[in-house]
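Data block below; observations after.
Letters A, B, ... mirror the listed sequences (proteins, then strands); counts begin at 1.
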Number of protein chains: 2
Amino acid sequence: MPPSQTRDRILTATAELFRRQGYSGTGLKAVVAEARAPFGSLYHHFPGGKQQLAEEVIHASGAYFQALVCAVYDEQATTADAVRAVLTGAAEPLEATDYEAACPITTVALEVASTDEVLRRATAEVFERWTVALTERLGDRDRALAVLAALEGAFVLCRARRTTEPMLAAGAMAVAHATAAPPS
Amino acid sequence: MPPSQTRDRILTATAELFRRQGYSGTGLKAVVAEARAPFGSLYHHFPGGKQQLAEEVIHASGAYFQALVCAVYDEQATTADAVRAVLTGAAEPLEATDYEAACPITTVALEVASTDEVLRRATAEVFERWTVALTERLGDRDRALAVLAALEGAFVLCRARRTTEPMLAAGAMAVAHATAAPPS
DNA sequence: GTCTATAGAAGGATAGAC
DNA sequence: GTCTATCCTTCTATAGAC
């Protein structure tokens with residue numbers, strides 16, 4: 001079937017709203033308003049309702065940000081420069097967009113972790129794929145998890161505090177950890 | 001005024017529900033049901049409604065977890081043991097409680113960061129106090145921010161993935177970073 | 001397939017009896 | 001101060017006209 005423009009607009013609008021308001025805070029009426037789509041189209045394209053819509057947004061956003069981060073990473077020559085580019089490089093767009101330019105998955109992940117098993121699995125799969133991609137580059141799964149945790153946690157602190165300070169501090173730590181001598 | 005038992009039960013119940021369902025996902029009817037309080041009591045004790053209730057929960061939970069973490073930290077002899085005890089020590093209760101034993105602030109912080117300035121400030125103040133307490137102990141603000149980011153981010157990954165693996169990996173990184181040679 | 005209208009439940013908040 | 005009843009809005013979801 002041909003890709004529906006309406007369908008894509010709904011997905012994009014949902015990702016945008018999830019990012020700012022989270023899953024529970026985003027109503028389907030707000031979604032269709034933002035997407036400039038009639039309400040019926042939502043259930044035509046997503047018969048599974050809000051859950052199906054969220055599941056697709058999680059996977060699509062996960063793939064999008066993975067590609068973005070990998071592109072930034074892979075254009076650097078050294079591991080230190082690459083990790084620094086990803087973490088420190090995230091600070092600038094964050095500040096420029098009033099601290100909204102975070103990926104929508106973290107907020108949703110926390111909201112659904114104990115309340116919706118289908119969506120919890122979707123967020124877990126995205127995090128796993130990110131971890132695998134980072135592990136390939138850093139050569140060690142534990143380091144990949146630690147760097148990813150630093151990145152996610154820094155996003156939380158930056159958004160709440162409205163400073164890039166935590167991201168820069170986390171970036172320094174991540175660079176040091178990613179380039180330290182391999183674990184015995 | 002004497003501390004009201006009803007008021008305290010409402011605060012406790014709200015913190016519990018925020019932790020599992022977040023701010024938007026928690027209705028006031030669910031709060032009074034969980035607290036076994038009549039609906040009117042909520043607006044008697046919290047005339048500011050849901051926002052005031054959330055603000056008090058954020059500050060109370062922030063103080064509670066700060067005291068908890070400081071107690072765990074301060075009973076260790078070395079910085080390495082202390083940071084390890086805080087991070088790695090968080091893994092056990094997490095697993096034992098089906099990954100619900102996280103503090104309720106992170107989820108709420110992300111939900112309100114772009115939607116409610118009053119609550120955003122409340123979460124920012126809590127994070128700042130944690131940062132100050134950690135800075136006193138680690139002797140460096142940037143390290144404190146980095147360790148805190150690692151802790152918060154690991155909570156996200158653990159809750160979504162239902163493993164303690166990210167917390168253990170983040171703990172190792174945090175210990176190494178907290179005990180490394182001081183920055184030039 | 002597009003779009004409107006609405007059902008039925010749950011949301012936050014208030015009034016007022018006791 | 002305690003508790004019930006209710007208001008109005010918003011939520012997800014569906015029915016059905018076109």
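- Salt bridge B:R19/B:E100: absent, no basic N to carboxylate O contact under 4.0 Å.
- Reading DNA chain C from its 5' end, the first and the last nucleotide to sit under 4.0 Å from a heavy atom of chain B are C:dG11 to C:dT14.
- Between B:Y43 and A:P38, it is A:P38 whose nearest contact on DNA chain C lies nearer the 5' terminus.
- From B:E128, atom CD reaches atom OG1 of A:T163 across 8.5 Å, with rounding to the nearest 0.5 Å.
- For the pair B:K50 and B:Y23, the cation-pi criterion (under 6.0 Å, within 45° of the ring axis) is fulfilled.
- Using a distance-only test at 3.5 Å, with no hydrogens or angles considered, no donor-acceptor pair links the side chain of B:R159 to the main chain of A:A113.
- Within the 4.0 angstrom heavy-atom criterion, no nucleotide atom of any strand lies near A:S24.
- By the criterion of side-chain heavy atoms lying less than 4.5 angstrom apart, applied directly or through intervening Ile, Leu, Val, Met, Phe, Trp or Tyr residues, B:V147 is grouped together with B:F155 in one hydrophobic cluster.
- B:G40 comes within 4.0 angstrom of a base, heavy atoms only.
- Atom CG in A:L134 sits 7.5 Å away from atom SG in A:C70 (nearest 0.5 Å).
- Rounding to whole angstrom units, CD of residue A:Q21 and P of D:dT10 are separated by 13 Å.
- Mapping B:P47 and B:K29 onto DNA chain C by nearest heavy atom places B:K29 closer to the 5' end of the strand.
- Toward the 5′ end of DNA chain D lies the nearest nucleotide of B:H45, the other residue of the pair A:Y23 and B:H45 mapping further downstream.
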